[in-house]
Chemist: 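One structure coming up, written as structure tokens, with questions to follow.
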Amino acid sequence: MTAPVDSPVGPKASGKSTSASVVRGSTLLILGRLIAKAGNFGTQVLLVRYLTRSDFGGFAYALSLVVVAQTVISLGLQRSIPRFLPIYYERGDKAKVLGTIALTFGTITALGLAIALALYGGLGLAGRLVHDPHSVSLLLILIFLAPLEALDDVLVGIFAVFARPRAIFFRRYVLAPLLKLTTVVLLILSHSNVMFLAAGYVLSSMVGIAVYVYLVLGLLRERGLLDRDLLRRLDMPWREVFGYTLPLLATDMVPVTINTISVVILGHYWNKSQVADLRAVQPAANLNQMVFIGFSTLFTPAASRLFATRDGAEMNRLYWHTAIWIAVLTFPVFALTCSLAEPITVFFFGAKYRQAAPILAMLSLAYYFNAATGFNGLTLKAFGKVRYMIWISVATVALSVTLSIALIPKFGAIGAGTAMMIAISAYNVFKQAGLKLGTGVRLFDWFYARIYLLIVVFAAALMLIQVTTNAPVYLSVTLAAAMTVVLLGLSARHLELSSTFPEAKRLPWLRFVFAGRWGRAATPES
């Protein structure tokens, strides 16, 4: 099924569009992610400053292997919950609702136990994967995070299906970062070592899962899904679930491969300090994805509805209107992490990580490019282009491995950053090209070209000023903030601020942006 390709040059000025609803609804989710990111980033800064480069590198190396194990254990089953639970529940088939949950939990738990046994004994995988005894010890503790984090994703999906966003907000955006931060604070106050940190992370995850399970049991009991008779009639739809999740597992391997293969090869050919350089700055670069992920929750159902109605014009509008919002809102993060990479790296992580600044700049550029060009991957999945997604995922994995093998042995962490930047950007280009496959979305909407050009000019100017003047970090940050305000003002009409957030016009200090011709919806003729 395809949608019409033609779309208007610019967005419609009248009526409340799908894109405006998505933008408004996403603001609360972005706020939650902002709280979580701030907590996690603070935790990262404390860790990098407290631990030696060797200890932090070993910890990061072990965590990278855990992420791979988590992907293998989950088998993409976290996608089965939001996909199948609403269907079975609406049909009144409660046995399959409970069976899907039981199948997912049972599979993840069994695979998690199997991997743990393989690492501890049996196949002796721990010694084969990691040659450093200290890192082996860390891996043997942290491996329990793999099934715990996979189960966490499943529990989030259950709450999303039954419309309990407050539970998600509290558990994922408040409790989880707070538990990690508490672990790090206790680590510093007790002058403990990295083994204490690893055990603390596992314990924190266990506490979070316990809270979630308690809430889920109450939710299932409230919905009449824990009756004894129902438990005896449990129906596990394994054919439907695995038939849906396994083909898309290739897409899950792309970010895992890009983020992990570099660390594994880097740890093999170089020392843990090089791993520390890469892993220390990567969370800062990842902040460029924060707004993007916040918008994604509401974008997918909106795109699916437009796919069903074959409204190509509104689909193009939804895609590029949300993309320009993401590009503008993420600009301050991009300016700090790319244009001001060196002073920001030194300010947050200390002079010992100065050589990691180019890595931060490269990764920031790749993540921002991925975010600012919109939800190409989610659009392709919503329009059923699964085969294309699998092929480009396999191609990207091959590219990432090839680049890592070619660059890391010679250039170390800089080579790893370069390989990751190219692989992330190439994957985004592949997805963008796929929009031509009958999605109704243009590869690029020239109506928004001026805003993207302003972003490029502002970012380049900020970097040039920093390189030529070596200005203090507070002056550079002030300049970046001023550029952000100017960009927001010049973008107000394309963002349709006044129609999207009409209540903001009551604020005197924002009236000049939201009112008058600044904030009115832009049209091709205006």
Side-chain angles (χ1 to χ4, degrees), residues 23 27 30-31 33-34 37-38 41 281 284-292 294-295 320-348 357-358 360-374 421 444-498 500-501 504 507 509-520 522:
V23 170
T27 52
I30 293 172
L31 176 62
R33 291 198 64 82
L34 183 62
K37 285 289 185 181
F41 186 69
V281 298
N286 248 319
L287 292 174
N288 286 278
Q289 297 280 93
M290 180 178 63
V291 177
F292 178 85
F295 270 74
W320 285 109
H321 191 207
T322 53
I324 203 65
W325 266 95
I326 294 168
V328 171
L329 293 181
T330 309
F331 174 77
V333 178
F334 177 60
L336 294 177
T337 55
C338 185
S339 300
L340 305 179
E342 182 171 339
I344 289 298
T345 300
V346 173
F347 178 80
F348 281 109
L360 173 59
M362 289 188 291
L363 294 181
S364 174
L365 179 61
Y367 287 129
Y368 184 74
F369 174 54
N370 181 73
T373 48
M421 177 186 68
F444 184 73
D445 196 326
W446 290 97
F447 180 69
Y448 298 105
R450 186 181 68 160
I451 309 303
Y452 284 107
L453 180 60
L454 284 172
I455 290 172
V456 173
V457 170
F458 283 175
L462 188 61
M463 178 176 288
L464 182 62
I465 293 171
Q466 179 62 38
V467 171
T468 56
T469 65
N470 198 25
V473 64
Y474 65 89
L475 288 179
S476 298
V477 171
T478 302
L479 181 58
M483 287 183 174
T484 300
V485 173
V486 174
L487 177 64
L488 181 61
L490 294 177
S491 307
R493 299 179 69 210
H494 287 76
L495 297 174
E496 303 178 28
L497 286 177
S498 60
T500 304
F501 297 101
L507 303 175
W509 53 282
L510 281 179
R511 196 170 295 158
F512 79 101
V513 172
F514 285 83
R517 68 186 306 273
W518 280 97
R520 286 199 304 266

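Starting from 1, each residue takes its place in the sequence as its number.
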Chemist: Return the SG to CG distance between C338 and L360, rounded to the nearest 0.5 Å.
Modeler: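 Rounded to the nearest 0.5 Å, the SG-CG separation comes out at 8.0 Å.
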Chemist: Going from CD on Q466 to CG on L479, what distance comes out if it is rounded to the nearest 0.5 angstrom?
Modeler: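 Going from CD on Q466 over to CG on L479, the span is 9.5 Å.
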Chemist: Look at the aromatic rings of F444 and W320 and report parallel, tilted or perpendicular, splitting at 30° and 60°.
Modeler: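 Answer is perpendicular, since the angle exceeds 60°.
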Chemist: For Q289 and Y367, work out which heavy atoms get closest and say how close.
Modeler: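 Heavy-atom minimum between the residues: OE1-O, 3.0 Å.
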Chemist: Of the options T322, V328, L329, which is the one that meets W325 in a side chain to side chain contact (heavy atoms under 4.5 Å, CB included)?
Modeler: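 The side chain to side chain contact (heavy atoms under 4.5 Å, CB included) with W325 is passed solely by L329 among T322, V328, L329.
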Chemist: Pick from L287, T484, V477, L462: which one makes a side chain to side chain contact (heavy atoms under 4.5 Å, CB included) with L336?
Modeler: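 Of L287, T484, V477, L462, side chain to side chain contact (heavy atoms under 4.5 Å, CB included) with L336 is met by V477 alone.
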Chemist: Would you kindly say whether S364 and N288 are connected by a side-chain donor-acceptor distance under 3.5 Å?
Modeler: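 Short answer, yes.
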Chemist: So L488 and L495, do their side chains get closer than 4.5 Å, heavy atoms only?
Modeler: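 Side chain of L495 against side chain of L488, heavy atoms only: contact under 4.5 Å found.
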Chemist: Donor-acceptor pair, distance only, cut-off 3.5 Å: does the side chain of T337 make one with the backbone of A285?
Modeler: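 No.
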Chemist: How close do M483 and F458 get, heavy atom to heavy atom, and via which atoms?
Modeler: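 Of all heavy-atom pairs spanning M483 and F458, the closest is SD-O, 3.5 Å.
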Chemist: State whether the number of non-hydrogen atoms from other residues, nucleotides or ligands found under 6.0 Å of F347 atom CZ is greater than 12.
Modeler: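 Counting other residues, nucleotides and ligands, CZ of F347 stays at 12 neighbours or fewer.
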Chemist: Mark yes or no for whether Y452, through its side chain, and W446, through its backbone, hold a donor-acceptor pair below 3.5 Å.
Modeler: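 Answer holds: no.
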Chemist: Would you indicate whether the side-chain heavy atoms of T330 and Y368 approach each other to under 4.5 Å?
Modeler: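 Yes - at least one pair of side-chain heavy atoms lies under 4.5 Å apart.
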Chemist: At what distance, to the nearest 0.5 angstrom, does CG of L340 lie from CD1 of I465?
Modeler: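 That separation rounds to 9.5 Å.
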